[in-house]
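For the single chain, residues carry numbers from 1 onward in sequence order. Since the model is a prediction, treat every value here as computed from it, not as a measurement. First listed ligand is number 1; within each ligand, the first listed atom is number 1.
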Amino acid sequence: MPAIAIIGAQWGDEGKGKATDLLGSSVDYVVKFNGGNNAGHTVVVGDQKYALHLLPSGILTPGCTPVIGNGVVVDLDVLFEEIDGLEARGVDTSALVVSASAHVIADYNRQVDKVTERFLGSRKIGTTGRGIGPTYADKMNRIGIRVQDLFDEKILRQKVEGALELKSQVLTKIYNRRAPEADEIVEQLVRHADRLRPMVADTGLLLNQALDRGQVVLLEAGQATLLDVDHGTYPFVTSSSATAGGACTGSGIPPMRLDQVIGIVKAYTTRVGEGPFPTELFDDSGEHLRKVGAEFGTTTGRPRRCGWYDAVIARYAARVNGVTDFVLTKLDVLTGLEQVPVCVAYDVNGARHDEMPVNQTDFHHAVPIYEYLPGWWEDISHCRTFADLPQNAQDYVRAVEGMSGARISAVGVGPDRDATVVVHPLI
Ligand code: GDP
Ligand code: IMO
Ligand code: MG
């Protein structure tokens, strides 16, 4: 049986949480494989709304085992806050499994994240300030702290002291901040050890054994293709691998076992934080999308920058991830427009680009070339089959599909789990 990846095709917040939740009842494991509590996935089930940051969206499906994979960076305070919050609402979180090799976010990582952004000034990335980048930097620098380190206090202390050797110099001498003592950090981390211990496992082994048994594993990305550290709009990216390749390294599932990649793509585009965004709207249309689409960050509450659908980006995401199916979300938000613009290519200094320009400066200068598709006025939130959609909405979906490099297998028409038009069954 297959491993399936769900990835974001734009700059995040495409509706990955809803899609993962929708498939939850058909899968045995849902694995978060990258990022940390920079993510914000909103899932609406009936009259209940859940905002998940660190936990995989599969946590809401009884019988599905949620897994935090080795590629994730874990803020332990947030982990237990989120668990307690869900338990208080009657969600059983007892099946959660956490990789022994996942890295943990130490307080100094949050400190460095915030202070670096402040020092960058106008060149800032607009991070979520959760310590994500500095924790991945520690991982790559081989001075990171892993979940398994919490269970040997002597080793943990050595590692924290090692990490602080350089970091306290940087914090005090460059940023003029107080550096934490190793004892403080060890105490902050170790107080979670007893509660964490029963959840910890070799998740790579567990997941491969599940696949051997014929069970279905769904790998849920945080962030998205254009925020991927390799394939995104660097340096305005997050610090992890949010694409399908990252699903393998971040979970321990080999590439050949992955046989479906579901790309989640919004019927328009949004971005939070800094960085280039060719179809961004600065007029009333942008405000309209933000208002109707409720485009405010789940994690930071920041207003999301809004723009029209960008087929160049969708094609790029299809290529980088090997997307087999797209889920086109939030089509309902486009209802009531006379015409719906879709970016089909870019004009860069007079030259037409049908593919993402490789050069950062070119992408910054990309001007969208639009095609204008006829809009629709009918409320589509109750549509459940493709034929239920008004003709112009069907034509929009088909046109976007033709430009985007993979078939559209489902269309979102509202935030609720059921508000989905399934064109081709996803699993
Ligand atoms: P994620 O980070 O990719 O999981 O996406 P977010 O949860 O941050 O943002 C997507 C938002 O859109 C959430 O508030 C969802 O409840 C909502 N949503 C998802 N799909 C649809 C849809 O098809 N229509 C509408 N109107 N809202 C949707
Ligand atoms: P989900 O999973 C949208 C953005 C931040 C910032 C950049 C780097 O909900 O789609 P970081 O704190 O990761 O170092 O910030 O990445 N960013 C997201 N934008 N959705 C997300 O997650 C994001 N996670 C990070 O706004 O621009
Ligand atoms: Mg989000």
Side-chain angles (χ1 to χ4, degrees), residues 6-22 32-45 48-54 56-57 72-73 75 105 109-110 112-114 116-117 124-137 220-229 232-240 242 263-277 289 292-305 327-335 379-381 383 410-421:
I6 280 197
I7 55 92
Q10 295 153 324
W11 279 286
D13 305 323
E14 298 89 349
K16 298 176 289 293
K18 179 190 152 180
T20 303
D21 172 67
L22 183 69
K32 180 177 169 90
F33 63 80
N34 75 304
N37 56 315
N38 49 347
H41 300 178
T42 306
V43 180
V44 181
V45 187
Q48 294 291 309
K49 189 170 170 177
Y50 301 91
L52 302 167
H53 298 284
L54 188 51
S57 306
V72 174
V73 290
D75 184 321
I105 301 178
N109 297 128
R110 279 186 293 264
V112 170
D113 192 358
K114 288 185 185 134
T116 316
E117 281 283 278
K124 70 175 196 281
I125 307 296
T127 73
T128 58
R130 304 297 196 258
I132 306 296
T135 307
Y136 279 113
E220 177 193 19
Q223 295 74 56
T225 306
L226 276 300
L227 289 172
D228 181 281
V229 69
T233 46
Y234 190 91
F236 300 100
V237 294
T238 190
S239 300
S240 70
I264 313 300
V265 70
K266 224 183 289 204
Y268 52 98
T269 313
T270 63
R271 170 161 211 173
V272 201
E274 307 302 315
F277 178 0
L289 290 175
V292 180
E295 295 295 353
F296 295 88
T298 312
T299 299
T300 57
R302 289 179 288 178
R304 295 173 181 154
R305 300 157 63 192
V327 174
L328 184 73
T329 63
K330 301 187 95 159
L331 186 68
D332 51 304
V333 175
L334 298 182
T335 298
D379 176 9
I380 62 169
S381 59
C383 298
V411 180
V413 291
D416 201 76
R417 191 186 267 178
D418 301 330
T420 309
V421 168

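- In terms of protein heavy-atom proximity, atom 13 (O) of ligand 2 is closest to T238 OG1, 2.6 Å.
- Summary of contacts: the protein heavy atom closest to atom 27 (O) of ligand 2 is V272 O, 3.1 Å.
- Here G40 reaches the Mg ion (ligand 3): one of its N/O/S atoms is less than 2.8 Å from the metal.
- The distance criterion of under 3.5 Å between nitrogen or oxygen atoms is not met by A419 with respect to ligand 1.
- T329 contributes a side-chain N or O that, together with a main-chain N or O of E14, makes up a donor-acceptor pair within less than 3.5 Å.
- Polar contact check, G40 against ligand 1: a nitrogen or oxygen pair lies under 3.5 Å apart.
- For V237, the closest heavy-atom approach to ligand 2 falls below 4.0 Å.
- Distances between N or O atoms of D332 and those of ligand 1 include at least one value under 3.5 Å.
- Between T233 and F277 the shortest side-chain heavy-atom distance does not fall below 4.5 Å.
- The protein heavy atom nearest to atom 11 (C) of ligand 1 is K330 NZ, 3.6 Å.
- Residues T42 and K49 are in side-chain contact: their nearest non-hydrogen atoms beyond the backbone lie under 4.5 Å apart.
- Of all atoms in ligand 1, numbered sequentially from 1 with element shown, those under 4.0 Å from a heavy atom of R304 are 8 (O), 9 (O).
- Closest to atom 7 (O) of ligand 1 by heavy atom, among T42, L331, V272, T299, is T42.
- In terms of heavy-atom proximity, V229 sits nearest to T238 at CB-O, 3.6 Å.
- Atom 12 (O) of ligand 2 has as its closest protein heavy atom T128 OG1, 2.6 Å.
- The residue Q10 has no part lying near ligand 1, judged by heavy-atom distances below 4.0 Å.
- Under the side chain to side chain donor-acceptor pair (under 3.5 Å) test applied with H41, the options K18, K32, E220, K16 reduce to a single match, E220.
- With contacts defined as side-chain heavy-atom distances shorter than 4.5 Å, the pair L22/R417 qualifies.
- A donor-acceptor pair is defined here as one N or O able to donate and one able to accept, closer than 3.5 Å; such a pair exists between the side chain of T225 and the backbone of G8.
- Between E220 and ligand 1 there is no heavy-atom distance shorter than 4.0 Å.
- Residue contact annotation: G8 has no non-hydrogen atom under 4.0 Å from ligand 2.
- Protein heavy atom at the shortest distance from atom 15 (O) of ligand 2 is T127 CA, 3.3 Å.
- Polar contact check, G17 against ligand 1: a nitrogen or oxygen pair lies under 3.5 Å apart.
- Between I132 and I105 the shortest side-chain heavy-atom distance falls below 4.5 Å.
- At least one heavy atom of G40 sits closer than 4.0 Å to an atom of ligand 2.
- Protein heavy atom nearest atom 1 (P) of ligand 1, with residue, atom name and distance: K16 N, 3.5 Å.
- Near K16, with a cut-off below 4.0 Å to any heavy atom, the atoms of ligand 2 are 1 (P), 2 (O), 10 (O).
- Nearest to atom 16 (O) of ligand 2 by heavy atom, out of T299, L227, I264, V229, is L227.
- Residue contact check: G273 has heavy atoms under 4.0 Å from atoms 27 (O) of ligand 2.
- For D13, the N, O or S atom closest to the Mg ion (ligand 3) goes by the atom name OD1.
- The protein heavy-atom contact nearest to atom 20 (N) of ligand 2 is D13 OD1, 3.3 Å.
- The protein heavy-atom contact nearest to atom 22 (C) of ligand 1 is G414 O, 3.2 Å.
- When the heavy-atom distances from atom 25 (C) of ligand 2 to R302, Q223, R271 are ranked, the shortest goes to Q223.
- Listed by number with element, the atoms of ligand 2 under 4.0 Å from a non-hydrogen atom of I125 are 27 (O).
- Taking the charged nitrogens against the carboxylate oxygens, D13 and R304 do have a contact shorter than 4.0 Å, which makes a salt bridge.
- Within the listing of ligand 2, atoms 5 (C), 6 (C), 26 (O), 27 (O) sit less than 4.0 angstrom from a heavy atom of G126.
- Listed by number with element, the atoms of ligand 2 under 4.0 angstrom from any heavy atom of G222 are 2 (O).
- Using a 4.0 Å heavy-atom cutoff, G12 is absent from the residues neighbouring ligand 1.
- Residue contacts with ligand 2 for W11 involve N, CA, C or O but no side-chain atom from C-beta outward (heavy atoms, distance under 4.0 Å).
- Looking only at protein heavy atoms, the nearest one to atom 19 (C) of ligand 1 is K18 CD, 3.8 Å.
- R304 does not count as a contact of ligand 2, since none of its heavy atoms falls under 4.0 Å from the ligand.
- Looking at V43 against ligand 1, nothing comes within 4.0 Å, counting heavy atoms.
- Within the 4.0 Å heavy-atom cutoff, H41 counts among the residues contacting ligand 2.
- The part of T298 lying near ligand 1 is the side chain, judged by heavy-atom distances below 4.0 Å.
- Counting protein heavy atoms only, atom 16 (O) of ligand 1 is closest to P415 CB, 3.7 Å.
- Between E274 and I125, every side-chain heavy-atom pair lies at or beyond the 4.5 Å cut-off.
- You'll find the side chain of L334 reaches within 4.5 Å of the side chain of L289, heavy atoms only.
- By the 4.5 Å heavy-atom criterion applied to side chains, T127 and N38 are not counted as neighbours.
- Shown are R305, R302, R271, K266; of these, the side chain to side chain donor-acceptor pair (under 3.5 Å) with E295 is made only by K266.
- Atoms of ligand 1 lying under 4.0 Å from at least one heavy atom of G412, given by number and element, are 23 (O).
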